There are 2 protein chains.
Amino acid sequence: MISKRLSELRKKKKWPLQYIADQLNIAKSTYAGYESGYRQPSLEAVKELAQLFETSTDYLLGAADSPEKPDFHTIELTETAMLAHICFTIDGKPLTADDLNQMIAFIRVKREMDSTQTHHQ
Amino acid sequence: MISKRLSELRKKKKWPLQYIADQLNIAKSTYAGYESGYRQPSLEAVKELAQLFETSTDYLLGAADSPEKPDFHTIELTETAMLAHICFTIDGKPLTADDLNQMIAFIRVKREMDSTQTHHQ
DNA sequence: TAAGTTGTTCGCGAATCGCGAATATACGAT
DNA sequence: ATCGTATATTCGCGATTCGCGAACAACTTA
């Protein structure tokens, strides 16, 4: 499992084996063993690899399906794919899809008004 | 690191060693070794332990500080503490605090109208 | 061709694992 | 107090796995 994840991520980053080996202070052959499945990285190495690849250990170990860190630093409210997994609430009551659409329209109008009518600056 | 996390979580759940050992199909002494730091669990065991404790491997390995699974199923928009770590965008442009407050007010008004004026059903 | 980079595999010594056994501790029930 | 049971901790053993360098293949570039 982890071997697949590692080779997939490294190819995406287009890094050579040696680069990762240097970052973790291990031999090239050692890391190569991780990708080939010949060896398993130590827990500490897994942690460092997740950090290096900017993903989670859950993804590396196959406990998560998405490589994205669940930081949710930014949530694009018009991205319905993402919203399918999130439930927004106000005062504890969930927003309907309709609520959300109206909110989006509301903000768009607000922005429109700000940009065409008033020009603070 | 992981030993601390394991014993902390197990104590919180008030589970005996044997119970966990049974769940993972390993010897009691094997799991005891994990908690004492005498041994390290395999990657597969880490994955299963995270599942058993309903937490993330990131937390077990010390790559995350919170034991909570990052599911974020629900986001309460009036909870400013949570919102401090999230940036919402519409059409790629981030919402200001003002935008958010108006959106919340907007929804509250909408709900008010729905409940006092119109009664479908 | 020669030199360099990258990826793969192998064997060796060393380190670690998983297990059962032995021991220690806690706590009711008799 | 004395069992009996459940729980926790540590140890040694055999087996497994690790990390490393070495060796090699494939490929690019000079």
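Not measured: the values here are computed from a predicted model. To find a chain, count down the sequence lines: A is the first, B the second, and so on, and within it residues start at 1.
By the 4.5 Å heavy-atom criterion applied to side chains, B:Arg111 and A:Ile90 are counted as neighbours.
C:dG7 atom P lies 12 Å from atom CG of A:Asp22, rounded to whole Å. If you measure from atom CD1 of B:Ile2 to atom C1' of C:dC17, you get 14 Å, rounded to the nearest angstrom. In this structure, B:Lys14 places its NZ atom 17 Å from C1' of D:dA6, rounding to the nearest Å. Atom CG in A:Leu6 sits roughly 16 Å away from atom C1' in C:dT8 (whole-Å rounding). The CG atom of A:Asn25 sits 12 Å away from the P atom of D:dG21 (whole-angstrom rounding). In this structure, the CD atom of B:Glu44 is 16 Å from the P atom of C:dC17, given to the nearest Å. Rounded to whole Å, the distance from OH on A:Tyr31 to P on D:dC18 is 15 Å. Rounding to whole angstrom units, CG of residue B:Leu24 and C1' of C:dC17 are separated by 15 Å.
Under a 4.0 Å N-O distance rule, the pair B:Lys13/B:Glu54 qualifies as a salt bridge.
The side chain of B:Leu17 approaches D:dA8 more closely than any other nucleotide in the set C:dT9, D:dA8, C:dG11. Distances from the side chain of A:Pro16 to the nucleotides D:dA8, C:dC10, C:dG7 place C:dG7 closest. Comparing D:dG12, D:dT9, D:dG19 by their nearest atom to the side chain of B:Tyr38 picks out D:dG12. Set against C:dG20, C:dG18, D:dG19, the side chain of B:Ala27 has C:dG20 as its closest nucleotide. Taking only side-chain atoms of B:Lys28, from C-beta outward, the nucleotide of C:dT6, C:dG11, D:dA8 with the closest atom is D:dA8.
Among the protein residues, A:Ile26 comes within range of the sugar-phosphate backbone only, with heavy atoms under 4.0 Å from sugar or phosphate atoms but none that close to a base. Contact annotation for A:Tyr34: backbone-only contact, meaning every heavy-atom pair under 4.0 Å involves sugar-phosphate atoms and none involves a base. At the heavy-atom level, B:Gln40 lies under 4.0 Å from the strands shown only through sugar-phosphate atoms.
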For this session: Decide yes or no on salt bridge (charged side-chain N to carboxylate O under 4.0 Å, His left out) for B:Lys110 and A:Asp98, but give the supporting numbers first.
Result: CA-CA 11 Å; B:Lys110 178 169 181 278; A:Asp98 195 52; 3.8 Å; yes

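Stacking of B:Arg5 on the aromatic ring of B:Tyr59 is recorded, both the 6.0 Å distance cut-off and the 45° axial limit being met.
Phosphate contact (OP1/OP2 of D:dC20, side-chain N/O of A:Ser29, threshold under 4.0 Å): absent. When the side-chain nitrogen and oxygen atoms of B:Ser36 are compared with OP1 and OP2 of D:dT9, none of them lie within a distance under 4.0 Å. Of the side-chain N and O atoms in A:Arg39, none sit less than 4.0 angstrom from OP1 or OP2 of D:dC20.
In this structure, CG in A:Leu61 is found 5.5 Å from CG in B:Leu43, a value given to the nearest 0.5 Å.
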